[in-house]
2 protein chains.
Amino acid sequence: MELGDRKKKILQLIIESYIETAEPVGSRYIAKKNDLSLSPATIRNEMADLEEMGYLEQPHTSAGRVPSQAGYRFYVDQLMERYFMTMADMERVNQALKLQTEEIDKIIARVCQVMSDVTDFTTVAVTPKHDKSRIKKLDLVMIDAHSFLAVIVTDNAIVKNKLFRTSGTIDEKALKLFSGLLNQTLTNISIGSITLDMINSLKKAVPEYANELIPVLNFVHEVVTQLDRSNLYMKGANNILKYPEFADLDKARSFIEFLEDGEAVSEIIKKVPDGAEQTSIIIGSENNNPHMAGSSLILRTYKIDDTAYGCLGLIGPIRMDYRKAVSDIEYFGRRLSLLFEEIFHGGET
Amino acid sequence: MELGDRKKKILQLIIESYIETAEPVGSRYIAKKNDLSLSPATIRNEMADLEEMGYLEQPHTSAGRVPSQAGYRFYVDQLMERYFMTMADMERVNQALKLQTEEIDKIIARVCQVMSDVTDFTTVAVTPKHDKSRIKKLDLVMIDAHSFLAVIVTDNAIVKNKLFRTSGTIDEKALKLFSGLLNQTLTNISIGSITLDMINSLKKAVPEYANELIPVLNFVHEVVTQLDRSNLYMKGANNILKYPEFADLDKARSFIEFLEDGEAVSEIIKKVPDGAEQTSIIIGSENNNPHMAGSSLILRTYKIDDTAYGCLGLIGPIRMDYRKAVSDIEYFGRRLSLLFEEIFHGGET
DNA sequence: TGTTAGCACTCAGAGAGAACGAGTGCTAAC
DNA sequence: GTTAGCACTCGTTCTCTCTGAGTGCTAACA
């Protein structure tokens, strides 16, 4: 059966009312609420049809209707109107983002935090893999006679460091030698192409300093592996406590624990196609994870540079305000892409 | 009135039973539970006395007794027996801590996380002020013709960095000049003694490069201010959902929000005397914050080095297992002090 | 043919009251 | 000083009824 305009309108009204109030919607309410000028009885007929088609459900005989998962899907695909973020929220976002520039990952973590504050949802953010970036400089800074610090800087300004203690005393000269060696071999090639063999071969280059060098090489390997992987940030997991869906405390707590583990969410996000700035809406059980069957995800990719994309996400109950969520996340995604554009190709700071 | 041994024993039993079950404790239960071999009636007399003295309270006539704040205080000061952390928990802690060495703040954040997992409490950790540490090296790494990265390394291995973009092109020579200038003036003196004047005076040294240098100087100032301040980490705020005290969802949520703000907790921790490794127990309204009147804090200082102390904390309901909490936090404190001892004065890595 | 008024029916939720039982304080006897 | 006995309190739980929002169906209407 094809959905007539009137049915569409009714479905939309029901869904939007339910999103707002979390209460089953009755025919009377719809009849009064708007300009269709139809009697409750007529609305009831239409609602019965919509239920038959699978877009609505009835918690029990004497309750109103509630959107089904298919109902939300139809709404999101065909009925949902565009929403615009309020100026106040935009201002808030801009304020939060205009703080000092810092490490990429920290910027992303902060966006995640702000997004959770603004949207009242649990937010996640995946940092890009840095397998395409290159080590720009590998510095060994002497701290005292028994310790030095290794600092790795990449061409997209990621800095990793680690302190080392040595058994014997070390001197600047040995450190210079090491760092020369390391810089020679490992800089200016993409992280993804650095292999364990390459790193290991360096061990043989200075056998007399092997004791000191091996831990440094392990560190390099660790950093390379780390950068080759994307990272998941999650903020505001306890925002779910704001939704009546999670009024049951045990349910809420175990869901928060499940979320904070991060594994499952990562799994879902991985399936988002890479390489284009776009928004995905995953409703309820569409995510194929029984623990999250009652939740929806809105995902949005963002661009770091031509070789790296990351992903932002909102997690909320199925009955979430998709209009607002989509508009919000798109704003954040755009802002973030823009910010990186500025950082990497923009004017002066 | 002085507390006889029998009264003490009864008080202890009541408190420990209440800590375990969160249910008011009746006379029958105490009479049966243990070897006092007294009848419920006798226990009731004693309980009435203890209530009169202010150590116990009655939620209502027909309920059992519940410890008062004064009761917990007396328990903590005089009755509480030593408890030893289980080997399993210790093992868990050691596993979590033996991962790679990294930035001090990150180690502390991780300890905070592990502590929250092991204890089921909300945990906080204050990183030490680094006002006594010194800038060891200030490096400017050229990234491309229009950008460079400033990296600051302190003598206790803290690394801060920031990316800068320049309007004109820059060359290695100018960067060398800058970094020479900066290193000359700012290294090897304690962070606390670096003044804004000192930083500003550098602006005049190379007027021709002022445009490029000023942002860097601002960054230096920012880092110095940051290091001069202690940082608060908080983990497991939603652990409070595990306690029946927070069965009311709204209460729980607003308390979590209040906690995560961090301000109030910082305020309380500030009052802990610095400079010695010790445990403080702050019960209920003793913390002087109405929002936290229903919670207790266990605080433990730890030592980074002779000039810097930090603080770990557990936050839970007043009815918390003080025995276990104290033992746990002391173990973590000791482990952390030890870890830093190793990092800064220990053998090889 | 679509719309509507009318009506019987369903069922969750609120409220009232009764029964229960855990616990108390007091008294009197041991 | 201790304990058995007993009346009393009061939160909790259960049952029952009542209420009202909402439904589906039927028959009349435009």
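Order of the sequence lines fixes the chain letters, A, B, ..., with proteins taken first and strands second; residue numbering starts at 1 for each chain.
The shortest distance between the side-chain N/O atoms of A/S62 and the OP1/OP2 oxygens of D/dG22 is not below 4.0 Å. At C/dT4, one or more side-chain N or O atoms of A/T42 fall inside 4.0 Å of OP1 or OP2 (strictly under the cut-off). Residue B/R44 places none of its side-chain N or O atoms closer than 4.0 Å to OP1 or OP2 of C/dT27. Within the structure, a side-chain polar atom (N or O) of A/R65 is placed less than 4.0 Å from OP1 or OP2 of D/dG24.
Separating the CG atom of A/D49 from the C1' atom of C/dT3 is a distance of 14 Å, rounded to the nearest angstrom. The separation between B/H60 atom NE2 and D/dG11 atom C1' is 5 Å, rounded to whole Å. Going from atom NZ of A/K32 over to atom C1' of D/dG22 covers 13 Å, rounded to whole Å. A/E46 places its CD atom 13 Å from the P atom of D/dG24, with the value rounded to the nearest Å. Taking atom CG of B/L38 as the reference point, atom P of D/dA4 lies 11 Å away to the nearest angstrom. For A/Q58 and C/dA12, the CD to P distance is 12 Å, given to the nearest whole Å. One can place CD1 of A/I43 at 17 Å from C1' of D/dA21, the figure rounded to the nearest angstrom. If you take OH of A/Y29 and P of D/dG22, they are 11 Å apart, rounded to a whole angstrom.
A residue-by-residue look at B/A41 and B/G64 shows that B/G64 has its nearest nucleotide of DNA chain C further toward the 5' end. Mapped onto DNA chain D by nearest heavy atom, A/E51 and B/N45 fall at different nucleotides, with B/N45 at the one closer to the 5' end.
Applying the Watson-Crick and G-U wobble criteria (two distances, each under 3.5 Å), D/dT17 pairs with C/dA14. Pair assignment for C/dC7: D/dG24, on the basis of Watson-Crick or G-U wobble contacts that are both within less than 3.5 Å.
Closest contact between the side chain of B/T61 and the listed nucleotides D/dG24, D/dC10, C/dC11 involves D/dC10.
A salt bridge between B/E57 and B/R65 is absent, with no side-chain N of the basic residue lying under 4.0 Å from a carboxylate O of the acidic one. The existence of a salt bridge linking B/R82 and B/E330 is confirmed by a sub-4.0 Å separation between a basic side-chain nitrogen and an acidic carboxylate oxygen. Ion pairing between A/E286 and A/R73 holds under the 4.0 Å rule for side-chain N and carboxylate O.
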Exercise for review: Could you give me the CA-CA distance, side-chain angles and deciding distance for A/K242 and B/E257, then say whether salt bridge (charged side-chain N to carboxylate O under 4.0 Å, His left out) is met?
Suggested key: CA-CA 11 Å; A/K242 289 180 180 160; B/E257 268 172 22; 3.7 Å; yes

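Side chain to side chain, B/Y75 and B/E16 meet the donor-acceptor criterion of an N or O pair below 3.5 Å.
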